[in-house]
Peer 1: 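Here's a structure for you.
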Amino acid sequence: MYDLLVVGAGPYGLSIASHAAAAGLRLRVLGRPMASWRDHMPRGMFLKSEPWASNLSDPSGRWRLDGYCASQGVTARHGEPIPVEMFAAYGLWFAQRAVPEVDERTVTRVSACPGGFEAVTQDGQVLPARTVALAVGVTPFTEIPPALRGLPASLVSHSVDHDDLARFRDRDVTVVGGGQAALETAALLAEQGTRVRVLARADRLAWNDVPPPWQRPWWQSARAPHSGLGCGWRNWFYAERPGLLHRLPERTRIRITETALGPAGAWWVRERVEGAVEVLPGHEITAARSVNDGAGVRLEVVHRGGAEGSAVVRSLETDHVIAATGFTATCDRLALLSPDLRTTLTRTACGSPRVTSGFESSHPGLFLAGLITAPDFGPAMRFVQGATYTAETLVRGVRRRLRAGSAGAAIPAPGRGGRSEAPAGARR
């Protein structure tokens, strides 16, 4: 029986695995490494976060993004975005050096059993473990506007459904949303010759400012320090002190998570959108139906920017709708958990599973990481920035649970546990 199964091999799963391996836990890591970044983002996209805020976490801090970039003859600089393809390659490089061998099979079900858990892989193998860490990323939680949910995938998709936008070349596409995913997707579509428009509920688009230089006068740094979530003391608190944020009242934490760092485009994508993409702010889709024998979709759209706040209804036809409308991370969408396990989890007011200060759910031994923990630890958990705090803290929580576990088995000393006894960096 393993001490820990890590389900998911993105930035959070790989970081957790690195820390667990260094702690000597009997470990198994399952999932396709960096799958979201390799399979669910089109070529040509860039990381919105700064290179220095996009590191996966290993205990020694040895396997950083800037080190990988240097090995490829590239300098990672503050204020210069990193291509998604390079970040995905960095994750694979990290996995080869800081993590025991990753089992790339998909886990289809996690169930509770006496003494811990059982995870079932896609080919039917059952893996027992005393604890489980779910680091399933964002793809299970995609959110599609209600008006679009009844349409087939040929007409409506989510922005994470695409690793290649070439199928939309010379077609008409409507992108729904006002954040980075919507705006960068629209820019890529326009640049390949797609007729594209953006529908956004907000009255106007928001754009992030160009970041100030890394080296600044001390008084500027004191007034608005750099952080992995942007400049300013509030962002610094969210990025650097998620453990303190966890101590705030639940209602406050949820409000911060829902309102901080709202939808906005990166400064470097602005000039690619303005003047190149039709933008319809203040618009919301109220109904949609297929037309032209299923070859297109007609959208009924309300615009609330009329005189004295009056609503103006219009319709438009398009070949395809891409909903870049974010994610809703709730217990109900953790479909790989068995129903009896999923329904027993204590939930926050917004429907996410409540986790302890050690990232443990209300079911002993079941740990959670990433986006689904944002209502408890704040907006850093929506970004790679949160992986370091999560990995360090979650593995400590796992060790506490193993010590207190009913099985009573001792935790192996670092470097002496099962699959993780090879030193982290021994494999190339």
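In what follows, residues are counted from 1 in the order of the sequence shown.
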Peer 1: How many angstroms lie between atom CG of L229 and atom OH of Y238, to the nearest 0.5 angstrom?
Peer 2: 9.5 Å
Peer 1: Using 0.5 Å steps for rounding, measure from the NE2 atom of H162 to the CG atom of L189.
Peer 2: 8.5 Å
Peer 1: Is any side-chain N of the basic residue among D103 and R28 closer than 4.0 Å to the acidic one's carboxylate O?
Peer 2: yes
Peer 1: Would you call the rings of H246 and F377 parallel, tilted or perpendicular, taking 30° and 60° as the class edges?
Peer 2: parallel
Peer 1: Among all residues two or more places apart in sequence or in another chain, which pass the salt bridge (charged side-chain N to carboxylate O under 4.0 Å, His left out) test with R251?
Peer 2: none
Peer 1: Have a look at T174 and tell me which of R197, H320, E278 forms a side-chain hydrogen bond (donor to acceptor under 3.5 Å, both in side chains) with it.
Peer 2: R197
Peer 1: Does the side chain to side chain contact (heavy atoms under 4.5 Å, CB included) test come out yes or no for L47 and W37, once each step is laid out?
Peer 2: CA-CA 10 Å; L47 248 64; W37 304 87; 3.6 Å; yes
Peer 1: Where do V301 and T286 land on the side chain to side chain contact (heavy atoms under 4.5 Å, CB included) test, with the steps shown first?
Peer 2: CA-CA 6 Å; V301 180; T286 57; over 6 Å; no
Peer 1: Please tell me if the side chains of D3 and L27 come closer than 4.5 Å, counting only heavy atoms from C-beta onward.
Peer 2: no
Peer 1: Output yes when a side-chain donor or acceptor of T390 lies under 3.5 Å from a complementary backbone atom of A387, and no otherwise.
Peer 2: no
Peer 1: How long is the straight-line distance from OG1 of T393 back to CD of E360, given to the nearest 0.5 Å?
Peer 2: 13.5 Å
Peer 1: Where is the tightest heavy-atom contact between P211 and E50, given as atom of each residue plus distance?
Peer 2: CG-OE2, 3.4 Å
Peer 1: Hey, are D376 and R253 close enough for a salt bridge, meaning a charged N less than 4.0 Å from a carboxylate O?
Peer 2: yes
Peer 1: Are the side chains of E258 and C350 in touch, meaning some heavy atoms are under 4.5 Å apart?
Peer 2: yes
Peer 1: Would you say the side-chain atoms of R62 pair up with the backbone N or O of A98, donor to acceptor, closer than 3.5 Å?
Peer 2: no
Peer 1: Answer whether the closest heavy-atom distance between the side chains of I372 and L334 falls below 4.5 Å.
Peer 2: yes
Peer 1: Are P242 and M381 side-chain neighbours, meaning at least one heavy-atom pair lies under 4.5 Å?
Peer 2: yes
Peer 1: Quick one: does any side-chain atom of S361 pair with a main-chain N or O of V355 as donor and acceptor, under 3.5 Å?
Peer 2: no
Peer 1: Less than 4.0 Å between a side-chain N and a carboxylate O, is that true for R32 and D39?
Peer 2: yes
Peer 1: Going by heavy atoms in the side chains, are L151 and V297 under 4.5 Å from each other?
Peer 2: yes
Peer 1: Does T108 reach the main-chain N or O of V120 with its side chain, forming a donor-acceptor pair under 3.5 Å?
Peer 2: yes
Peer 1: Are any side-chain N or O atoms of S15 and backbone N or O atoms of Y12, one a donor and one an acceptor, separated by less than 3.5 Å?
Peer 2: no
Peer 1: List the steps and the verdict of side-chain hydrogen bond (donor to acceptor under 3.5 Å, both in side chains) for S54 and S49.
Peer 2: CA-CA 6 Å; S54 304; S49 56; 2.7 Å; yes
Peer 1: Are E240 and Q385 close enough that some pair of their side-chain heavy atoms sits under 4.5 Å apart?
Peer 2: yes
Peer 1: Just list the side-chain donor-acceptor pairs under 3.5 Å for residues 72-89, sequence neighbours left out, or say none.
Peer 2:
{"unit_1": "H78", "atom_1": "ND1", "unit_2": "W52", "atom_2": "NE1", "d": "3.0"}
{"unit_1": "H78", "atom_1": "NE2", "unit_2": "P212", "atom_2": "O", "d": "2.8"}
{"unit_1": "E85", "atom_1": "OE2", "unit_2": "G44", "atom_2": "N", "d": "3.2"}

Peer 1: Under the 3.5 angstrom rule, does the side chain of Q180 hit a backbone N or O of A266 as a donor-acceptor pair?
Peer 2: yes
Peer 1: Is there a side chain to side chain contact (heavy atoms under 4.5 Å, CB included) between E274 and V279? Walk through the geometry before answering.
Peer 2: CA-CA 8 Å; E274 293 182 339; V279 178; over 6 Å; no
Peer 1: Any donor and acceptor pair, going by atom type alone, linking the side chain of N292 with main-chain N or O of G296 inside 3.5 Å?
Peer 2: no
Peer 1: I need the full list of side-chain hydrogen bond (donor to acceptor under 3.5 Å, both in side chains) pairs touching residues 138-154, with sequence neighbours left out, sorted by first then second residue.
Peer 2: E143-R149, E143-T328, E143-R333
Peer 1: Which pair of heavy atoms, one from N55 and one from T388, lies closest together, and at what distance?
Peer 2: O-OG1, 4.5 Å
Peer 1: How close do G91 and L56 get, heavy atom to heavy atom, and via which atoms?
Peer 2: CA-CD2, 4.3 Å
Peer 1: When you look at CZ of R272, are more than 12 heavy atoms from neighbouring residues, nucleotides or ligands closer to it than 6.0 Å?
Peer 2: yes
Peer 1: Shortest non-hydrogen contact from P379 to A260?
Peer 2: CG-CB, 4.1 Å
Peer 1: Are R354 and E250 within salt-bridge range, i.e. N to O under 4.0 Å?
Peer 2: yes
Peer 1: Apply the test side chain to side chain contact (heavy atoms under 4.5 Å, CB included) to residues H19 and R396: give CA-CA distance (whole Å), side-chain angles for both, the deciding distance (0.1 Å), then the verdict.
Peer 2: CA-CA 9 Å; H19 285 259; R396 286 198 298 268; over 6 Å; no
Peer 1: Would you mind reporting whether R109 and T121 have side-chain heavy atoms less than 4.5 Å apart?
Peer 2: no
Peer 1: To the nearest 0.5 Å, how far apart are CG in L316 and CG in L280?
Peer 2: 7.5 Å
Peer 1: Under the rule for ring pair (Phe, Tyr, Trp, His ring centres under 6.0 Å), what residues qualify as partners of F46, not counting sequence neighbours?
Peer 2: W268
Peer 1: Checking the side chain of S159 only, and the main-chain atoms of A324 only, is there a donor and an acceptor separated by less than 3.5 Å?
Peer 2: no
Peer 1: Would you name the heavy atoms of T348 and P375 that are closest together and state the gap between them?
Peer 2: OG1-CB, 4.4 Å
Peer 1: For atom CD of Q215, is the number of surrounding heavy atoms from other residues, nucleotides or ligands below 6.0 Å larger than 12?
Peer 2: no
Peer 1: Are any of the side-chain heavy atoms of L134 and L336 separated by less than 4.5 Å?
Peer 2: yes
Peer 1: With rounding to the nearest 0.5 angstrom, report the CZ to CG distance, R255 to L248.
Peer 2: 9.0 Å
Peer 1: Run the side chain to side chain contact (heavy atoms under 4.5 Å, CB included) test against T325 and tell me which residues pass, sequence neighbours left out.
Peer 2: P145, H158, V176, A323
Peer 1: Among pairs that include at least one residue of residues 7-17, which meet salt bridge (Lys or Arg N to Asp or Glu O under 4.0 Å), considering only residues two or more places apart or in two chains?
Peer 2: none
Peer 1: How about F94 and W63: are their ring centroids closer than 6.0 Å?
Peer 2: no
Peer 1: In sequence, state the C-alpha distance, the side-chain angles, and the governing distance for Y2 and R26, and then conclude on side-chain hydrogen bond (donor to acceptor under 3.5 Å, both in side chains).
Peer 2: CA-CA 5 Å; Y2 294 100; R26 293 185 294 274; over 6 Å; no
Peer 1: Is it the case that the side chains of S227 and N235 hold a donor-acceptor pair, with the cut-off being a distance below 3.5 Å and no angle test?
Peer 2: no
Peer 1: More than 12 non-hydrogen atoms from neighbouring residues, nucleotides or ligands closer than 6.0 Å to CZ on R234, yes or no?
Peer 2: no
Peer 1: Calculate, to the nearest 0.5 Å, the distance between atoms CG and CG belonging to D332 and L337 respectively.
Peer 2: 11.0 Å
Peer 1: Would you name the heavy atoms of M45 and T185 that are closest together and state the gap between them?
Peer 2: CE-OG1, 3.3 Å
